[in-house]
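Note sheet for the following structure.
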Amino acid sequence: MNWRTLYSRRIESMGHSDVVEMLKLAERPEVISFAGGLPDPETFLLEETRDALEEIFAQRGQAVLGYGPTPGIAPLRAWLAEHMTHLGRPSTVEECLVTTGGIAALDLICKVLLDPGDVVIVGEPAYVAALQVMRSYQGRFAGVPLDDEGMQPDALKSVLEAARLKSSHPKFIYLVPSFQNPSGVTISGARRERIIEIALHYGVPIIEDAAYRALRFEGQAPPLFASLEPRNVIHINTLSKVFNPGVRLGWVTAPQELVETLTLAKQGQDQCSTTIGQYLAFAFASKGLIKRQTSAAVEIYRRKRDAMLDALQRYFPPGARWTRPQGGFYSWVTLPEGIDTEALLPRAIEEGSVAYAPGPAFFHNRTGKEHMRLCYSYVSATQIGEGIRRLGHLLSEFQVATE
Ligand SMILES: Cc1ncc(COP(=O)(O)O)c(C=O)c1O
């Protein structure tokens with residue numbers, strides 16, 4: 001069977017998954033890979049997981065191995081409602097939907113909101129998997145550039161105004177406001193208010209993806225978009241960065257009416273998210289273990305961030321610039337003109353045994369060759385120095401050769 005001839009049009013628009021290719025590169029043992037955005041397994045609490053599972057089986061028996069309710073088990077939803085309220089977005093249980101991770105949450109939202117050809121607004125550079133999900137629903141993109149304070153409000157306004165003049169009505173604005181993937185930047189409090197004001201003026205909802213928000217190394221956290229404007233913001237979150245990604249749990253907090261429709265769509269996605277995993281997550285959350293794990297992870301990632309920034313300063317060529325994230329997993333590098341990070345990647349792997357994520361994957365129109373994303377969360381602190389040394393050496397050589 002020639003399967004390609006049977007593929008839907010949707011597959012064509014999904015394009016090639018750079019992330020999958022990137023993760024393959026990370027697997028060769030000699031390669032120091034800054035490509036994938038993976039948590040450090042050292043942060044996972046193995047003993048506590050084992051104890052919690054034993055307790056769950058003893059208390060609840062076989063029930064935890066069965067199907068669960070589509071919107072999530074009651075105690076976890078109640079905890080999420082309380083957690084969101086604590087974060088400044090007063091929430092009821094009915095406004096919280098458990099999902100199979102953060103990206104599945106976005107998939108559900110796109111399933112409910114996007115028709116083929118609909119325009120979505122994304123801050124660029126953008127999270128690769130989010131672009132992929134939106135493409136899979138045949139969304140079209142309008143990119144709004146980010147700077148060191150995140151999405152630029154004036155640029156957002158221009159994009160929305162241009163859309164209005166063409167009688168086009170973008171479906172939503174997708175943002176990762178804190179420690180954004182891939183840039184590491186955070187939208188300041190003042191900008192958040194301005195972005196909300198603009199979005200309200202044009203009647204476009206905001207999807208706030210807060211995947212990294214809890215991993216703050218320093219400074220004061222700006223308010224959640226969802227706390228500033230609960231009625232027009234869909235909040236997506238995940239336990240993948242603060243608990244573990246293997247259990248596959250995330251959530252959506254949004255107005256109840258939308259959560260009910262998302263729940264309906266979830267029936268056709270996976271019926272329910274992992275029942276045993278939800279009990280485990282609830283046990284961790286209610287015993288304060290997610291908090292403990294997060295605090296320990298923040299210390300580990302802060303040290304790694306520092307190691308990466310020091311090494312960049314030491315080894316990267318003059319003219320290179322990079323972001324200084326106050327949390328999360330990533331720094332975003334802008335290289336001197338003439339360096340093409342996509343073309344350089346095979347050489348980096350073959351000659352330098354070092355890998356990174358090249359810029360174009362993060363732009364809907366595949367521009368941005370002068371950028372690279374460096375993820376410091378997974379590689380050990382000592383390997384970070386060595387990997388950046390190798391990369392800096394290669395970049396300097398490349399620069400000399402092209403001068
Ligand atoms: C911005 C952002 N959102 C969501 C996720 C979703 O993670 P998961 O589906 O593993 O919960 C990630 C993971 O890399 C991310 O970077």
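Numbering of ligands and ligand atoms starts at 1, following listing order.
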Do other residues, nucleotides or ligands put more than 12 heavy atoms under 6.0 Å from the CZ atom of R347? yes
Mind listing the side-chain donor-acceptor pairs of residues 197-209 below 3.5 Å, one per line with the distance, residues two or more places apart or on another chain?
unit_1: E197; atom_1: OE2; unit_2: R194; atom_2: NH1; d: 2.9
unit_1: Y202; atom_1: OH; unit_2: E161; atom_2: OE1; d: 2.5
unit_1: E208; atom_1: OE1; unit_2: A226; atom_2: N; d: 3.3
unit_1: E208; atom_1: OE1; unit_2: H235; atom_2: ND1; d: 2.7
unit_1: E208; atom_1: OE2; unit_2: F225; atom_2: N; d: 2.6
unit_1: D209; atom_1: OD1; unit_2: A211; atom_2: N; d: 3.2
unit_1: D209; atom_1: OD2; unit_2: Y174; atom_2: OH; d: 2.6

With sequence neighbours left out, write down each residue that passes side chain to side chain contact (heavy atoms under 4.5 Å, CB included) with Q313, or none if nothing qualifies. W322
Neighbouring residues of ligand 1, heavy-atom cut-off under 4.0 Å: G101, G102, I103, Y127, V176, N181, D209, A211, Y212, T238, S240, K241, R248
Residue pairs passing the salt bridge (charged side-chain N to carboxylate O under 4.0 Å, His left out) test where at least one lies in residues 210-222, sequence neighbours excluded: E218-R305
Strictly under 6.0 Å, is that where the ring centroids of Y301 and F329 end up? yes
Does the side chain of S183 pick up a donor-acceptor pair with the side chain of Q180 at under 3.5 Å? yes
